[in-house]
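Just below is one structure, and these are the notes that go with it.
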Protein chains: 2
Amino acid sequence: MDEFDRKLLNQMQINNRQTAEILSEKVGLSPAACQKRLKKLRETGVIASDISVLDPASIGRRMTMIVEVTMERERPEYLDEFKRKMRASPEVMQCYYVTGTADFVLIVTAKDMKDYEEFTRNFFFQNSNVRRFQTNVVMDGVKVGLAVPLSGDGEG
Amino acid sequence: MDEFDRKLLNQMQINNRQTAEILSEKVGLSPAACQKRLKKLRETGVIASDISVLDPASIGRRMTMIVEVTMERERPEYLDEFKRKMRASPEVMQCYYVTGTADFVLIVTAKDMKDYEEFTRNFFFQNSNVRRFQTNVVMDGVKVGLAVPLSGDGEG
DNA sequence: CGTGAAAGAGCGGACTT
DNA sequence: AAGTCCGCTCTTTCACG
């Protein structure tokens, strides 16, 4: 994991459809060397996946909510059950188990408020282990991404 | 935007490096038809971008924090300034402007607590328009992604 | 790590329904 | 308008220096 790899990864986090030739110009290596490095980065799991990112608005998923969920009991079996449900639910884009005031933070997409209300009925009101939840409606997705900063450190 | 497009997009949200031939088997179209649809989906912005997703753990165990920020004044010029800074900061993976108890919700990565404290100094304490912020440390990234559900409707 | 040849994928045009 | 077939071009891949 040297400076070449970092430059490569920074590029791939922006656009993974760039040809090896274009990448080679940007990082200062030959095209083949870039491809070999990328292959290794994929094999070792540094690159976890390669995906298309959709525009939610283009698909009719116009609302995004950030939800803080507080559980009634923090027993592992209840938490695991909740995690399992969140993973299985397509409306839940992201789910984090956190310390602090809440137990979980979710990022949920919905077509409209009615759609979201149905979600809350199914997953919160109907779940007796959910003590309370607080919804924040997103007005502006200022920055949305998964890009990891690579400047400087990191242990490969 | 029909069932073929939805199947295509669902596949591309999992892996955008599948060949048109493999995609054609999965969605029931010819390879060429898949490519033409994908091209149109990119041109129309339904596919917003194509990226590599890195494994944060492979890059040096970084911490993830979810931060709720409350501003002193909600005047547009202050908000825009804050948004600009968040977009420019690599530590900020995601930033949402929201209704509710807080004004912004951030998802921040840091190398360690010291690194995060430095971040808070630079962006919160040093910014007189930040009234307060509350940090939730992520213990388990139960579900992390940007995949949008496509089941059913939506208006391309 | 860089070079060169071979296999494979993407791309666009013409034709069909 | 959309899908298929069939060329061509570019990209990736691998063996070797």
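Below, read A as the first sequence line, B as the second, and so on, with proteins coming before strands; counting in each chain starts at 1. Just so it is clear, the values below take in all heavy atoms, side chains as well, and ignore hydrogens, waters and symmetry mates. From a predicted model like this one, the values you see are computed outputs, not experimental measurements.
- Between the CD atom of A:E21 and the P atom of C:dA9 there is a distance of 20 Å, given to the nearest Å.
- A:D50 has its CG atom 15 Å from the C1' atom of D:dT12, to the nearest Å.
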N/O to N/O distances under 3.5 Å, protein versus nucleotides 2-5 of chain D:
{"unit_1": "D:dG3", "atom_1": "OP1", "unit_2": "B:R37", "atom_2": "NE", "d": "3.3"}
{"unit_1": "D:dG3", "atom_1": "OP1", "unit_2": "B:R37", "atom_2": "NH2", "d": "2.8"}
{"unit_1": "D:dT4", "atom_1": "OP2", "unit_2": "B:S30", "atom_2": "N", "d": "3.0"}
{"unit_1": "D:dT4", "atom_1": "OP2", "unit_2": "B:S30", "atom_2": "OG", "d": "2.4"}
{"unit_1": "D:dT4", "atom_1": "O4", "unit_2": "B:K36", "atom_2": "NZ", "d": "2.7"}

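- A salt bridge does not link B:E118 to B:R121: none of the charged nitrogens lies less than 4.0 Å from a carboxylate oxygen.
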Distances under 3.5 Å between protein N/O atoms and the N/O atoms of nucleotides 8-10 of chain D, please, pair by pair.
none

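- Within the structure, side-chain hydrogen bond (donor to acceptor under 3.5 Å, both in side chains) pairs that include any residue of residues 31-50 of chain B comprise A:S52-B:D50, B:D2-B:R37, B:D5-B:R37, B:N16-B:D50, B:R42-B:D50 (at least two apart or interchain).
- Taking atom CG of A:L23 as the reference point, atom P of C:dC1 lies 15 Å away to the nearest angstrom.
- Summarising the geometry, the separation between CG on A:N16 and C1' on D:dT11 is reported as 15 Å, rounded to the nearest angstrom.
- Between A:K114 and A:E117 there is no salt bridge, since no side-chain N of the basic residue sits under 4.0 Å from a carboxylate O of the acidic one.
- Atoms CD (B:Q18) and P (C:dG10) sit 11 Å apart, rounded to a whole Å.
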What's the verdict on side-chain contact (heavy atoms from CB on, under 4.5 Å) for A:Y116 and A:E91, showing C-alpha distance, side-chain angles and the deciding distance? CA-CA 9 Å; A:Y116 179 65; A:E91 291 93 346; over 6 Å; no
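- The minimum heavy-atom distance between B:A102 and B:V69, with the atom names listed, is CB-O, 3.7 Å.
- Taking atom CD of residue A:Q35 and atom P of nucleotide C:dG8, one finds them 16 Å apart after rounding to whole Å.
- Rounded to a whole Å, the NZ atom of B:K39 is 10 Å from the C1' atom of C:dG10.
- By the side-chain contact (heavy atoms from CB on, under 4.5 Å) test, A:P56 is found to be paired with A:R61, B:V148, residues two or more places apart in sequence or in another chain being considered.
- Taken together, the paired segments of DNA chain D that extend over three or more consecutive Watson-Crick or G-U pairs, each closer than 3.5 Å at both contacts, are C:2-17 with D:1-16.
- In plain terms, the two heavy atoms of B:S58 and A:G45 that are nearest each other are OG-O, 3.7 Å.
- Summarising the geometry, the separation between CZ on A:R17 and C1' on D:dT12 is reported as 15 Å, rounded to the nearest angstrom.
- Across all non-hydrogen atoms, the minimal contact from A:P31 to A:S24 is N-CB, 3.5 Å.
- Take A:F124 and apply the ring-ring contact (aromatic ring centres under 6.0 Å, His included) test, not counting sequence neighbours, and it matches A:F119, A:F133.
- There is no side-chain donor-acceptor pair under 3.5 Å between B:E21 and B:T19.
- At distances below 3.5 Å, at least one donor-acceptor pair connects side-chain atoms of A:K143 with backbone N or O atoms of B:R87.
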